[in-house]
Amino acid sequence: MEYIQKLLKERADEKYGDFHSKLVPTVDRNKIIGVRTPVMRALAKSLVKDKSFCEDVLPDFLNELPHYYYDEMILHGEIISLEKDFDKAVELVEKFLPYVDNWAVCDLLSPKAFAKNSDKLFDFIKKWLESDEVYTVRFGIDMMLKYFLDDRFEREHLYMVRDAVGDDYYIKMAKAWYFSFALIKHYDVALGFVKSAPMDEWIRKKSIQKARESYRLTDTQKAELKSICTR
């Protein structure tokens, strides 16, 4: 993958790499080239529009996992996210997820094809939430947050996320973000759950903290949430 690495290194920003490495402490700094997000997205879009690249280079790149550089993983995720065919997107995601080893690569992954196929997506999410891979579970929670917290929200989803497998920090943090958004978007239903459902206390408190930071909740709601933490 020398060609891909060359493209990335040509776009490197060392200071950004130094800064970004602090945000992904699980990644060796020597494996971070330092390509800024807008630059990476522009590169991904230009590559998938390049017919010769798609025919001659892309298949090998998508099959060569794990990649050595963090930025290669980011580029891989950005390319998957541009996929418009649902079945192909799921295939690429499931091949990629076992090699994801940090929150940043996990959280950027969001195929365009998922938006219009949430019914089909739901069964895959249920499987991801039961995985023994940390970032596969986190990805499943991310997808629940993105696609099932608006008109498709159901109370049972709160239990699905709570019961997602794993006690890793990055799974717990994803759960907290999910519950905080549930409180913001479906306050009454989520409040009852956060108040009474058995759950990890750290996740409960972090969910409330994040929800209380939102401007979308009233002062009264924020006070009510604060009272839960002081019970």
Side-chain angles (χ1 to χ4, degrees), residues 16 19-20 22-26 36-38 40-41 74 77-78 81 100 102-112 114-119 121-122 124-126 128-129 134-231:
Y16 174 74
F19 166 76
H20 196 70
K22 297 174 183 177
L23 303 179
V24 282
T26 59
R36 291 180 177 272
T37 300
M40 186 71 81
R41 288 179 177 165
I74 291 287
E78 293 286 5
S81 295
V100 175
N102 64 85
W103 69 267
V105 172
C106 177
D107 291 5
L108 75 83
L109 191 60
S110 184
K112 287 186 174 182
F114 287 0
K116 295 182 179 180
N117 294 275
S118 55
D119 288 340
L121 178 64
F122 192 69
F124 289 98
I125 290 175
K126 289 191 287 186
W128 295 332
L129 293 178
V134 168
Y135 294 101
T136 299
V137 175
R138 183 179 171 101
F139 179 70
I141 297 170
D142 285 349
M143 295 299 98
M144 287 298 294
L145 191 159
K146 184 165 187 177
Y147 295 111
F148 293 92
L149 265 183
D150 290 312
D151 58 335
R152 293 182 178 276
F153 172 75
E154 296 180 14
R155 182 181 173 84
E156 69 179 52
H157 296 167
L158 298 167
Y159 294 90
M160 282 178 55
V161 172
R162 181 199 64 181
D163 296 338
V165 176
D167 196 40
D168 183 271
Y169 168 81
Y170 290 99
I171 291 177
K172 292 171 70 172
M173 195 68 233
K175 289 183 180 184
W177 275 113
Y178 173 85
F179 292 130
S180 72
F181 275 92
L183 284 164
I184 292 165
K185 294 187 174 187
H186 304 280
Y187 183 76
D188 291 337
V189 175
L191 177 65
F193 177 85
V194 170
K195 267 186 174 181
S196 59
M199 65 189 301
D200 182 290
E201 277 304 309
W202 185 92
I203 295 174
R204 192 193 314 273
K205 290 179 179 179
K206 185 62 71 173
S207 303
I208 290 170
Q209 174 196 330
K210 293 300 180 184
R212 292 183 68 241
E213 291 172 358
S214 172
Y215 67 89
R216 295 168 63 183
L217 293 183
T218 66
D219 290 342
T220 300
Q221 289 172 325
K222 292 178 181 181
E224 187 173 21
L225 287 172
K226 184 177 181 180
S227 71
I228 297 173
C229 295
T230 56
R231 288 183 305 178

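Bear in mind the structure is a predicted one, so any value in this text is a computation, not a measurement.
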Taking the side chain as every heavy atom from C-beta outward, state whether [X] and [Y] have any atom pair closer than 4.5 Å.
| X | Y | result |
| --- | --- | --- |
| R138 | D107 | yes |
| E78 | I74 | yes |
| Y169 | W202 | yes |
| Y170 | V137 | no |

Could you pull out all residues at least two apart from [X] that satisfy side chain to side chain contact (heavy atoms under 4.5 Å, CB included)?
| X | answer |
| --- | --- |
| S207 | A176, F179, I203 |
| T218 | T220, Q221 |
| N117 | F86, K120 |

Can you tell me how far apart [atom1] ([X]) and [atom2] ([Y]) are? Round to the nearest 0.5 Å.
| X | Y | atom1 | atom2 | result |
| --- | --- | --- | --- | --- |
| K175 | L158 | NZ | CG | 12.5 Å |
| L217 | L191 | CG | CG | 10.0 Å |
| L225 | K205 | CG | NZ | 14.0 Å |

Just to verify, what does [X] make a salt bridge (Lys or Arg N to Asp or Glu O under 4.0 Å) with, not counting sequence neighbours?
| X | result |
| --- | --- |
| K126 | D123 |
| E154 | none |
| D168 | none |

Taking it one step at a time, do I228 and E224 satisfy side chain to side chain contact (heavy atoms under 4.5 Å, CB included)?
CA-CA 7 Å; I228 297 173; E224 187 173 21; 5.7 Å; no
Enumerate the side-chain hydrogen bond (donor to acceptor under 3.5 Å, both in side chains) contacts for residues 158-167, please, sequence neighbours excluded, ordered by first and then second residue.
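Qualifying pairs: R155-Y159.
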Working note: I208 + K226, criterion side chain to side chain contact (heavy atoms under 4.5 Å, CB included); need CA distance, chi angles, decisive distance, verdict.
CA-CA 7 Å; I208 290 170; K226 184 177 181 180; 5.9 Å; no
Run the numbers on V100 and T136 for side chain to side chain contact (heavy atoms under 4.5 Å, CB included), then give the verdict.
CA-CA 8 Å; V100 175; T136 299; over 6 Å; no
Do F193 and H157 have ring centres separated by under 6.0 Å?
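No, ring centres 6.0 Å or more apart.
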Quick one: closest heavy-atom pair of [X] and [Y], and the distance?
| X | Y | answer |
| --- | --- | --- |
| L108 | G77 | CD1-C, 3.5 Å |
| K210 | S180 | CB-CB, 3.6 Å |
| F122 | M160 | CZ-SD, 3.5 Å |
| N102 | V105 | OD1-N, 3.0 Å |

According to ring pair (Phe, Tyr, Trp, His ring centres under 6.0 Å), who are the partners of Y178, at least two apart in sequence or on a separate chain?
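Testing Y178 for ring pair (Phe, Tyr, Trp, His ring centres under 6.0 Å), a comparison that skips the adjacent residues, returns none.
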Using the six-membered ring wherever Trp is involved, compare the ring planes of Y16 and H20 and label them parallel, tilted or perpendicular (cut-offs 30° and 60°).
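The arrangement is parallel - the two ring planes meet at less than 30°.
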Could you list the residues that satisfy side-chain hydrogen bond (donor to acceptor under 3.5 Å, both in side chains) with [X], not counting sequence neighbours?
| X | answer |
| --- | --- |
| K206 | Q209 |
| D119 | R152 |
| T37 | none |

Tell me which donor-acceptor pairs under 3.5 Å the side chains of residues 139-151 have, and how far apart each pair is, sequence neighbours excluded?
unit_1	atom_1	unit_2	atom_2	d
K146	NZ	S110	OG	2.4
D150	OD1	K185	NZ	3.1

